[in-house]
Amino acid sequence: MKLFHDVSSVRNFTQKRKNEQKIGLVPTMGALHPGHLALLEASQKDNDQTICSIYVNPTQFNNPDDLKKYPRTLEGDLELLEKIGCDAVFCPTDQIMYPPDQPQLLHLDFGYLNEILEGQHRPGHFDGVGLVVTKLLNIVQPHRAYFGQKDLQQLTIIRQLVREFFIPVEITSVPIVREASGLALSSRNQRLSPEEKETAIQLYQTLLFAQKQYKAGTDLSTITQQARNRLNQDSGIQLEYFEAVRVHDFQLLEERTENQPIAFCVAAYVGDVRLIDNVLIN
Ligand code: PAF
């Protein structure tokens, strides 16, 4: 497995192979878990070469404490990547991604997507995600890039970015991987105590409740209100939002829309760990 730290070496790797081989990129912030492995597996299946990037991107953390506490497990991550046969890893430093001797002037504004759900509760987050994903796609220049469905709004902004900037890459989304309890896998789960983990299961349970109600024909505003009430009743959960959205453009929905994919999305703190999850319908 090749390990790259700088822009020219990873770009050379891709450029040398690009004409004959398909290249897949799996961007991550490390602390790899089976959710990431599903992305890597999808890339390995679709492509001849898979590159995993590991970079904890400071510009997407609106909360400095969250950035400080974000798990960093590079050695274990590299061992795991080697074991599963990943072809190359790109681990840049902050100096490479945001050179301190060059002004970093650009900001990305995703319009209404910045004002709802994750955009609203994490000001500046999508600007940072958009910047780093654009940098990674331009550096590596893969044919395909893989992102998890757990970060559903992130997927929407990445698709928007690729479309508006005509970036020649195919974006592939990979379904959420869950623990047996239903808890969606996340690097942040490492920070939950066993009791908090028990509490966190409520998020998925409530999403399933909403999904069942939707299938039974209940109207959407009743469902979202009931779901919020359920979560607010649990003193271990501090709910940020529970909403229904139309998947293709992330418009918030108040009323049922038949024959269009919709998703229920939730974000909440359990202890001091912020968790998100969603389920798709239709
Ligand atoms: O989903 C993530 O892990 C991050 O937001 C990403 C896409 C790697 C950008 O830093």
Side-chain angles (χ1 to χ4, degrees), residues 4 7 10 24-43 50-64 66-74 77-78 80-81 86 88-94 96-98 104 106-108 110 113-114 117-119 121-140 142 144-162 165 167 169-177 184-191 250 265 267 273-278:
F4 301 116
V7 172
V10 70
L25 171 67
V26 179
T28 78
M29 297 204 296
L32 302 181
H33 53 66
H36 296 111
L37 296 187
L39 301 179
L40 288 154
E41 210 174 287
S43 172
T50 289
I51 304 177
C52 178
S53 67
I54 300 182
Y55 177 59
V56 182
N57 171 38
T59 65
Q60 71 186 74
F61 285 82
N62 54 311
N63 174 350
D66 194 23
L67 172 61
K68 206 164 79 200
K69 289 185 180 154
Y70 201 84
R72 288 160 173 88
T73 56
L74 185 60
D77 290 347
L78 293 177
L80 188 63
L81 290 169
C86 183
V89 188
F90 177 47
C91 297
T93 56
D94 289 342
I96 297 279
M97 295 304 273
Y98 299 97
Q104 304 285 314
L106 282 186
H107 285 280
L108 293 172
F110 290 93
L113 289 168
N114 270 348
L117 311 190
E118 290 303 286
H121 290 273
R122 302 187 67 188
H125 171 63
F126 286 138
D127 179 13
V129 171
L131 281 175
V132 81
V133 170
T134 307
K135 286 172 191 260
L136 289 169
L137 292 176
N138 282 329
I139 293 170
V140 178
R144 302 187 180 97
Y146 295 77
F147 297 89
Q149 183 210 302
K150 187 167 88 65
D151 294 293
L152 197 60
Q153 195 173 357
Q154 168 173 286
L155 252 168
T156 308
I157 68 121
I158 291 169
R159 288 190 197 284
Q160 184 76 26
L161 172 76
V162 163
F165 286 152
I167 302 178
V169 66
E170 185 184 316
I171 300 298
T172 299
S173 76
V174 176
I176 300 178
V177 181
L185 294 191
S186 160
S187 304
R188 289 189 170 84
N189 292 356
Q190 294 183 19
R191 292 176 42 215
F250 242 77
C265 300
V273 184
R274 187 173 186 279
L275 300 172
I276 61 172
D277 198 355
N278 64 77

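Ligands are counted one by one from 1 in listed order, and the atoms in each one are counted from 1 as well. The basis for the numbers below is simple: all heavy atoms, side chains too, and nothing from hydrogens, waters or symmetry mates.
- Counting heavy atoms under 4.0 Å from ligand 1, residue T28 touches it through the backbone alone.
- Summary of contacts: the protein heavy atom closest to atom 3 (O) of ligand 1 is M29 CG, 3.8 Å.
- Atoms of ligand 1 found under 4.0 Å from any heavy atom of P27 (numbered from 1 in listed order, with element): 8 (C).
- A donor-acceptor contact closer than 3.5 angstrom is absent between the side chains of N57 and Y70.
- For atom 1 (O) of ligand 1, the closest non-hydrogen atom of the protein is Q154 NE2, 2.9 Å.
- With hydrogens and angles disregarded, no donor-acceptor distance shorter than 3.5 Å links the side chain of R144 to the backbone of T172.
- At the top of the distance list for atom 10 (O) of ligand 1, counting protein heavy atoms only, stands Q60 OE1, 2.6 Å.
- Applying the 4.0 Å criterion to heavy atoms of V132 picks out, from ligand 1, the atoms 9 (C), 10 (O).
- Atom CG of residue L136 and atom CZ of residue F90 lie 6.5 Å apart, to the nearest 0.5 angstrom.
- Looking at N57 next to ligand 1, no N or O pair under 3.5 Å apart turns up.
- The shortest distance between side-chain heavy atoms of I276 and C265 does not fall below 4.5 Å.
- For P142 against V169, the heavy-atom pair with the smallest separation is O-CG2, 3.7 Å.
- For the pair K69 and F61, the cation-pi criterion (under 6.0 Å, within 45° of the ring axis) is not fulfilled.
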